[in-house]
Enquirer: 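Supplied in structure tokens, the structure appears directly below.
Because the structure is a prediction, the values reported are computed rather than measured. Just so it is clear: chains get the letters A, B, ... in the order the sequence lines come, proteins before strands, and each one is counted from 1.
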Amino acid sequence: MIMAILVMAGIGLMLGIVLGWAEVRFRVAEDPLVEKIDKILPQTQCGQCGFPGCRPYAEAIAKHEADINLCPPGGEHGVRQLADLLGVEFKPLGAGKEPKPKSVAVIDENTCIGCTLCIQACPVDAIIGASKQMHTIVANACTGCELCLAPCPVDCIHMEVIHESVGNWKWRYPVFPIHEEAKAA
Amino acid sequence: MTQPIFSFPGGLHPADHKAESNTAAIVPAPLSARYRVPMRQHAGNPAKPLVLPGEHVLKGQAIGCLDGRISATVHAPTSGRVVGVESYPIPHPSGLTDRCVVIESDGRDEAVPASRLDWRNLAPEAVCEELEDMGLVGLGGAVFPSHIKLEPAAGIETLIINGAECEPWITCDDRLMRERAGEIMAGVEIARHLLGAREVLVGIEDNKPEAIAAMRAACAGTGAKVVVVPTKYPSGGAKQLIELLTGLEIPAGKLSTDIGIQVFNVATSYALWRAAELGEALVSRVVTVTGHVARPGNYEVRVGTPIEELLQLAGGELPGATGQLVGGPLMGFDLEDTRAPVTKGVNCIIVTSDALFPPRPRAMPCIRCGQCALACPVRLQPYEMYLYAKAKDLDKAKAYNLADCIECGCCSYVCPSHIPLVDYYRFAKSELLARGREQRAAETARERHEFRSFRLEREKQEKAERLGKKAGERLEAGAVAADDPEAARKKALLEAAIERAKKAKEAAPPPANTDHLSAAQQAEVDAIEARRAQAGTEQTVADKT
Amino acid sequence: MIGSPFVQREQNSVRRTMIEVMIALIPGTLAHAWFFGPGILVSLLVCGFFALFFEGFALLMRGGAFGTMISDGSALVTAWLFALSVPPLAPWWLYAVGILFAILVAKHLYGGLGQNPFNPAMVGYAVLIVSFPNYMTQWPGPAHLVNHLPSLSEAFDLVFAGQGSVSVDAYTMASPLDTVKTLLRAGVAKRDILGNPVFGRLSGTGLEWVALMYLVGGLYLMARRLITWHVPVAFLAAVIVTSAVLQKIDPGHNMGPVFHLFTASAMLGAFFIATDPVSGCGTPRGKLIFAGLAGFLAIVIRSYGGYPDGVAFAVLIMNVAAPFIDAYTQPRVYGHAKGGKVGR
């Protein structure tokens with residue numbers, strides 16, 4: 001009886017030591033969760049999630065204060081990645097959060113009065129200009145967040161959808177014409 | 001001294017259909033009334049247009065200049081007036097339009113004055129700089145700018161000249177080798193000289209005996225060796241030809257130059273000769289027109305010629321034609337619009353018919369028969385990659401070395417289930433590419449946003465300091481500020497309070513468990529502290545915005 | 001929109017592949033009919049019918065291109081392999097049950113053509129031998145050893161109406177593998193067993209010829225490049241080595257390599273069962289490991305297991321391991337150094 005207890009205790013102790021050692025020895029230096037979430041978010045800083053930027057949203061998700069399906073620019077793919085990372089169920093994007101086609105802001109340079117309000121609104125400093133000077137948008141840096149649209153007092157900024165061109169064209173997922181299927185069947 | 005021939009795994013022996021077009025000599029195409037010259041004819045960035053509508057240009061005059069390092073110059077194919085810079089269909093798998101300079105020919109075909117390049121006596125770098133303006137690109141299909149490939153690189157041992165032309169139907173390189181072997185070899189000599197290569201190997205498939213004989217004759221006395229390789233698709237792929245001739249593989253993610261090998265196509269060598277010896281920019285190339293046309297053959301065509309005119313030149317499409325392919329049947333693509341112009345990359349136009357190209361039967365499920373793996377020249381397991389590409393599991397497809405796929409089409413060719421395997425790989429590859437682009441864009445946006453937050457914070461602090469100083473002075477002077485002195489004073493006090501709080505925090509005793517640390521632990525703690533300090537600044541930024 | 005290549009290999013389809021496999025099975029089947037009577041033709045017919053019936057049922061239930069899928073020939077190949085593995089002249093419902101498990105359970109429940117993790121014919125066989133062992137041992141004996149081999153019409157009677165005119169004892173006989181197993185277990189010396197007339201020159205009399213014909217069919221498949229050499233060579237080599245070692249260890253109780261090699265099921269397994277690409281390994285090294293272990297297990301099960309034959313179970317066990325083996329035997333891809341000739 002005592003022998004059995006000793007043996008069991010010994011085994012338990014040994015396994016405990018091994019596990020404890022492994023815990024220390026093979027510890028993986030992990031990015032904090034917020035970093036990982038932030039990496040998945042598209043960094044448009046658009047605030048459509050209701051948070052002032054991607055990182056605050058990432059922090060809110062990490063604290064379980066926000067749902068994972070609030071980011072339209074990230075699209076369904078983004079939600080899926082978040083669901084994978086956090087080990088939660090996938091959710092479709094919430095109502096009114098359908099992703100829009102990727103676009104860039106364009107300033108109508110004839111109407112611009114040089115008020116700098118849009119410059120202050122741009123989360124990624126993609127608008128160049130100075131007070132009473134005409135402004136313009138650095139298309140490469142623009143994330144398409146639309147935050148500059150509202151502040152403009154003369155409504156001279158509009159969004160232009162990035163159309164498919166030879167430069168950004170992607171091969172399609174192979175799809176078979178329907179009539180061929182019908183013929184074969 | 002016969003060159004040993006190695007082999008590569010897999011490959012195909014499709015019906016070669018070379019006889020249709022390889023008997024007649026190359027025919028120069030007559031002048032067209034209107035040329036549409038795309039700015040994107042090469043790998044890398046499209047050229048930037050240099051001309052405006054209304055301008056008069058001469059043959060060989062640059063109309064598009066380099067944009068960035070990997071780009072190429074584009075030249076006017078004939079003399080005439082620029083009538084527009086517009087979007088127009090180009091020969092591209094997407095079938096989309098792209099920017100073209102439209103030139104209305106004046107019929108005089110006047111060329112810019114040309115001068116021979118003294119390539120033997122000039123420094124190689126200087127020669128490359130000159131060639132940059134000649135618009136040379138790889139004419140075998142990859143259309144990579146040649147001036148970059150000719151840049152003197154350390155340790156180029158072997159120069160391989162690709163005359164394999166393994167795709168069925170195409171015979172433009174075959175005819176070029178038969179008719180202009182001397183010029184090709186003269187071009188090869190220029191490339192050899194620039195690269196400082198020790199040996200020159202010309203690889204030609206054994207189904208082109210006349211070309212082999214002509215090239216052998218041209219090689220005599222030059223030290224270059226013609227190596228006859230067995231006919232097997234895709235022996236003309238650069239990686240496969242290197243493997244055939246040297247037995248070497250290019251390590252994944254590296255270039256052939258990293259193992260001391262550079263490869264040029266025979267047509268590129270010919271263009272190099274024209275550029276260096278005659279001072280002529282690349283404005284024309286030999287194109288095979290074959291398939292379901294009246295007079296299949298090879299035509300020397302200026303870049304920008306509408307493909308429909310080229311088809312007329314070959315006697316027009318025969319009744320029952322179903323479309324056109326650009327390039328070979330294994331790696332080419334379907335042409336959407338025959339108004340599209342010939343570009344530097346167009347080596348062959350095949351007019352299809354149901355008899356010559358029966359439509360692909362309906363795809364069946366994969367039965368993992370392994371025929372694709374047997375045919376794959378790079379030893380991939382295509383059926384595994386297909387499984388994951390089909391399921392859009394891109395990471396898994398990547399893990400099965402999707403990136404090493406050369407899209408040669410061997411797997412699709414042999415598949416008994418008629419699965420368009422390569423289409424799935426192209427889809428997965430371009431998705432991965434786009435994903436990479438997006439990730440880089442997100443990274444830039446994050447950095448810009450963080451910098452902006454940092455900048456705002458800094459500005460705020462500077463402002464507060466200024467105000468605080470002012471307020472302090474005023475308090476000392478006992479003067480009453482004009483604009484709300486109370487607020488400024490409060491703010492300054494607040495700032496001072498925050499400052500004090502920070503100082504107090506820094507001066508606080510350290511946590512109890514930081515005594516008696518080992519060196520490694522101390523280093524770890526330091527690293528954490530550094531991170532915390534950084535995160536702290538970000539945190540305060542986030543708090544205040 | 002489908003891109004390049006715009007050409008395909010001619011005369012190349014799943015149906016064509018299946019037809020080639022069936023062509024390769026003809027010599028073995030005819031040899032079987034020659035030595036053991038035309039019963040095999042009847043069971044083949046019945047199995048083929050049920051296979052098409054269940055396949056059609058499953059395809060209709062699942063939707064999709066019915067015409068193309070039903071005519072791909074895969075169900076017939078499964079039926080044929082199954083028919084060659086089970087005794088002919090058994091009641092029709094036995095075949096129906098086996099085929100039901102092969103086609104509906106092993107194939108379509110897992111996603112149909114190309115998706116089955118287990119060899120369907122072997123699943124059908126395994127279900128029957130576990131559930132109806134008595135029927136599964138009633139193999140007809142060779143013509144010269146039994147009283148009366150049923151004719152074609154008698155075979156139909158036996159299959160559809162049960163034992164009518166011919167009694168089971170008139171034509172059945174313990175198969176060589178059965179004989180070995182039961183007599184050795186009963187303590188009879190191996191010497192005496194081998195004197196039994198059921199044994200021929202190489203293996204079972206008659207069966208050795210069937211095995212040779214399977215070999216001929218298998219070589220035909222290899223010549224047509226439908227199977228590679230890896231699986232048959234590894235399987236047969238493992239059979240030879242394992243049985244030789246076991247005979248060395250215990251010559252009194254274990255049969256030699258020649259006997260095992262020329263049993264019909266070993267040849268069928270090596271060329272037609274273990275080569276099934278769907279449930280087997282795909283990489284060259286994977287095929288060697290898969291088939292080698294299958295051959296080894298087959299002999300171990302024959303020698304020490306409860307059932308007389310072990311090929312089916314060996315293949316099924318290895319089917320479980322196939323994806324795992326594949327994952328660890330991926331060939332070296334061009335340009336990836338791993339003891340390769342990459343670089344200068």
Enquirer: Which region of B/Arg426, side chain (C-beta onward) or backbone (N, CA, C, O), has a non-hydrogen atom less than 4.5 Å from a non-hydrogen atom of chain A, or is it both or neither?
Expert: both
Enquirer: Which heavy atom in A/Lys170 sits nearest to a heavy atom in B/Ala434, and how many Å separate them?
Expert: CD-CB, 3.5 Å
Enquirer: Of all heavy-atom pairs between B/Ser430 and A/Trp171, which one has the smallest distance, and what is that distance?
Expert: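 Looking at all heavy atoms of both residues, the closest pair is OG-N, 3.0 Å.
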Enquirer: Do B/Lys392 and A/Tyr173 touch side chain to side chain, with heavy atoms closer than 4.5 Å?
Expert: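 A side-chain contact under 4.5 Å exists here.
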Enquirer: Non-hydrogen atoms of chain A under 4.5 Å away: do they reach the side chain of B/Leu433, the backbone, both or neither?
Expert: neither
Enquirer: Between A/Val124 and B/Arg448, what is the shortest heavy-atom contact and its length?
Expert: O-NE, 2.7 Å
Enquirer: Which heavy atom of B/Arg455 sits nearest to which heavy atom of A/Asp125, and what is that distance?
Expert: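 Minimum heavy-atom contact is NH2-OD1, 2.9 Å.
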Enquirer: Could you tell me which portion of B/Thr444 (side chain, backbone, both or neither) has an atom closer than 4.5 angstrom to a non-hydrogen atom of chain A?
Expert: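 For B/Thr444, there is no contact with chain A at all, as no heavy atom is under 4.5 Å.
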Enquirer: Start with the C-alpha gap between B/Glu447 and A/Gln43, add the side-chain angles, then the distance that decides, and say whether side chain to side chain contact (heavy atoms under 4.5 Å, CB included) holds.
Expert: CA-CA 9 Å; B/Glu447 276 164 23; A/Gln43 304 301 324; over 6 Å; no
Enquirer: Relative to chain A, which segment of B/Thr97 carries a heavy atom at a distance below 4.5 Å: side chain, backbone, both, or neither?
Expert: backbone
Enquirer: Where does B/His92 contact chain A at under 4.5 Å (heavy atoms): side chain, backbone, both or neither?
Expert: side chain
Enquirer: Side chain from CB out, backbone as N, CA, C, O: work out which of these in B/Arg435 comes under 4.5 Å of a heavy atom of chain A, or both, or neither.
Expert: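 Looking at B/Arg435, just its side chain touches chain A.
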Enquirer: Mind listing the closest non-hydrogen atom pair of A/Pro42 and B/Ala442 along with its distance?
Expert: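 Minimum heavy-atom separation between A/Pro42 and B/Ala442: O-CB, 3.5 Å.
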Enquirer: Grab the two heavy atoms, one from A/Gln45 and one from B/Ala445, that are nearest each other, plus how far apart they are.
Expert: NE2-O, 4.3 Å
Enquirer: When you measure from the side chain of B/Arg452 to the backbone N and O of A/Gln120, does any donor-acceptor pair fall under 3.5 Å?
Expert: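 Yes; judged by distance alone, with no hydrogens or angles, the pair exists.
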Enquirer: Check each atom of B/Ala389 against the heavy atoms of chain A and say whether the ones under 4.5 Å are side chain, backbone, both or neither.
Expert: backbone
